[in-house]
Amino acid sequence: MFEEFESFDSSPPPRPAEATSPLVRLQYLIDNTPAIVYSSVPSGDFKLTFVSKNAYHVLGYQPEEMLADPNFWFDHLHPEDAPNIFSSLAQLFVEGERTYEYRFRTASGEYLWMHDQLRLIRDENGTPIEVIGSLSDISARKCMEQEQERLIARLREAHNQLLQSEKMASIGQLAAGVAHEINNPLGFVNSNMGTLKKYINTLLAVVGANGRAVTQMAPGTPLAARVDAIAREADLAFLKEDVPDLVKESLEGLKRVREIVQALKDFSHMGDTDWQPADLHAGLDSTLNIVANEVKYKATVEKRYGSLPEVTCLPSQLNQVFMNLLVNAAHAIPERGVITISTGVDGDWVWVAIGDTGCGIPQQNLNRIFEPFFTTKPVGSGTGLGLSLSYSTVNKHGGRIDVDSKVGVGTTFTVRLPIVPPASAEGASAAGA
C-alpha cells in the first residue's frame, strides 16, 4: 500500500512570508485536499493537463506519469464500467456537469471505487476550453453499501422463508383439522361396510339355500317355476358375483381414504421442532400420497428403496423437501414420463435421490436454482422459494443437495444427510439445559 495518509505533500507548509502569496497557498491546499483535482482537454481522449500531487498517495501514480500518457484515464477504467461512461460522456457538453462512480486501477493493480465530478469550462463565446474535476476515493463507502445490500438480501430471504414457514404451518393446521373431520365419519362408514359385507354374504347364502330347497322339495311345480323366474329377472347369478366385488372395491377405496387422511395427519406437523429418529421411507410414502394428484397424470413413480436406518431429523421439514422435489419433477415432465425415487446408505450418511425424465435444467441456470425467487416457471406458477427452502432445510440437517441434469434427458436431485446430524445433538443439549 501507499504511504500513510498524514500529509499528501511531503513538502513543508509555506512559511509566513510565502503564505502571503495566494498562488503558493492555493497550490498547498490543492496538493493536500483529500480529493484529486485534475483538468483535461474537452475533446477526443480527454488528455489530462493537470493532476494534483496527492494522486500519488491515493492511486500510486506520479502526476507527471499521468500527464505524459494521453490515454491514461481511459486505459485505467474498469472494463465493466467504461462502456457506461463512454456512452454518456457526450452529455457533459449538454448539461455542463456529470458525476460518475467507477472503479479505477491503481499502480498496485487493484481497483478503487472513485467518485468523479466533472465540470465543463467555456470561454465568453461558449466554446469549451477545459474540463475540471475532482476524484474522491469512495471504496470504503462502496464496501459498506455492498455489505448492506448483502444483509438486506439475507433479511429478505429470512423474511420470506419465515412467511413460507408460517404458511406451511397454517396449511398443516388446516390439514390436521380436515383429517380429523374426515376421520370421524370415515370410521363408522368403514365399520358399516365391514358389517354390510357380512350381511350380504349371509343374505346371498340364504337366497341360494332357499332356491335349492324349493328346487329339491318341489321340482317341476309352479312354485319352483316362479322362484326360478324371479331369480332370472333379478339376474341373481350376476348379483352373486358383482355385489361382493362392489363391496371389496368400496373397502379398498376406504382404505385409500384412510391412507390419505393419515398422510394429511403426518404432513400436518409442520411446526414440529423436536429432533427425532424417523423412517425416511415412511416420509417419502406419506409425501407421495399428498402429491399423488400432482404426479399421477404426468409420471409413473418407480421406488428403488435400499435398507435405511432411522435418521435423526425434523421429519415434517424433510417431507417438505421431498414434496418440493417431487412436484418439481412432475412439472419438469412435459407429457408422460418416469419419476424414480432411490435410497441408500454411505457410511454414516444416507441419501435420497429423486430423478425425472423431464426437460432438464440448462447449464446457465444450474448455479442459480437454489437462489431465493429464482424460477424458470411462468409468472404466477411458482414463487422461486421451493428449492431455496429445501436447500436451507437440508443445510440445517448438516447435509447437502447435489443436482445432476442434462437438457432433454432429465434431472436428479440427491439429498445427502448424516444419520445423526450435529444440530440434533445441539438441540438435545439445549433442551436439557
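A donor-acceptor contact closer than 3.5 angstrom is absent between the side chains of Asp81 and Tyr111. Using a 3.5 Å distance cut-off with no hydrogens or angles, the side chains of Asn125 and Thr127 do not pair a donor with an acceptor.
When Leu59, Leu112, Leu135 are each tested for a side chain to side chain contact (heavy atoms under 4.5 Å, CB included) with Phe104, only one passes: Leu59. For the pairing with Tyr61, the ring-ring contact (aromatic ring centres under 6.0 Å, His included) check across Tyr56, Phe72, Trp73 returns one residue only, Phe72. Here the rule is side chain to side chain contact (heavy atoms under 4.5 Å, CB included) with Met323, and of Asn328, Thr287, Leu284 only Thr287 fits it.
Residues Phe322 and Ser286 fail the side-chain proximity criterion, which asks for heavy atoms closer than 4.5 Å. In this structure, the side chains of Ile333 and Ile339 come closer than 4.5 Å at one or more pairs of heavy atoms.
For Thr357 (side chain) and Val338 (main-chain N/O), a donor-acceptor pair under 3.5 Å exists by modelled atom type. A distance-only check finds a donor-acceptor pair linking the side chain of Asn54 to the backbone of Thr33 [under 3.5 Å].
The side-chain contact (heavy atoms from CB on, under 4.5 Å) search around Lys142 returns Glu101, Trp113, Ile138, Glu145, not counting sequence neighbours.
The two atoms that bring Tyr100 and Ser88 nearest to each other are OH-OG, 3.0 Å, heavy atoms only. The shortest non-hydrogen separation linking Pro128 to Leu120 is CB-CD1, 3.8 Å. The two atoms that bring Ser307 and Val345 nearest to each other are O-CG2, 3.2 Å, heavy atoms only. Across all non-hydrogen atoms, the minimal contact from Ala55 to Ile36 is CA-CD1, 3.8 Å. The minimum heavy-atom distance linking Val350 with Pro309 is given by the pair CG1-CD, 4.0 Å. Heavy-atom minimum distance, Val415 versus Val394: CG1-CG2, 3.9 Å.
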Test Leu314 against Trp275 for side-chain contact (heavy atoms from CB on, under 4.5 Å), laying out the working first.
-> CA-CA 5 Å; Leu314 301 170; Trp275 293 85; 4.0 Å; yes
Given Val58 and Met114, is the side-chain contact (heavy atoms from CB on, under 4.5 Å) satisfied, shown in steps?
-> CA-CA 10 Å; Val58 178; Met114 307 300 292; 4.3 Å; yes
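The NE2 atom of His281 sits 9.5 Å away from atom NZ of Lys303, with the distance rounded to the nearest 0.5 Å. Taking CG from Leu308 and CG from Leu280, the interatomic distance works out to 6.0 Å, rounded to the nearest 0.5 Å.
The aromatic rings of Phe74 and Phe86 stand perpendicular to each other, their planes meeting at an angle above 60°, with 30° marking the opposite boundary.
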Under 3.5 Å donor-acceptor pairs involving side-chain atoms of residues 187-196, not counting sequence neighbours:
residue	atom	partner	partner atom	Å
Asn190	OD1	Arg258	NH1	2.9
Asn192	ND2	Phe188	O	3.3
Thr195	OG1	Ser191	O	3.2

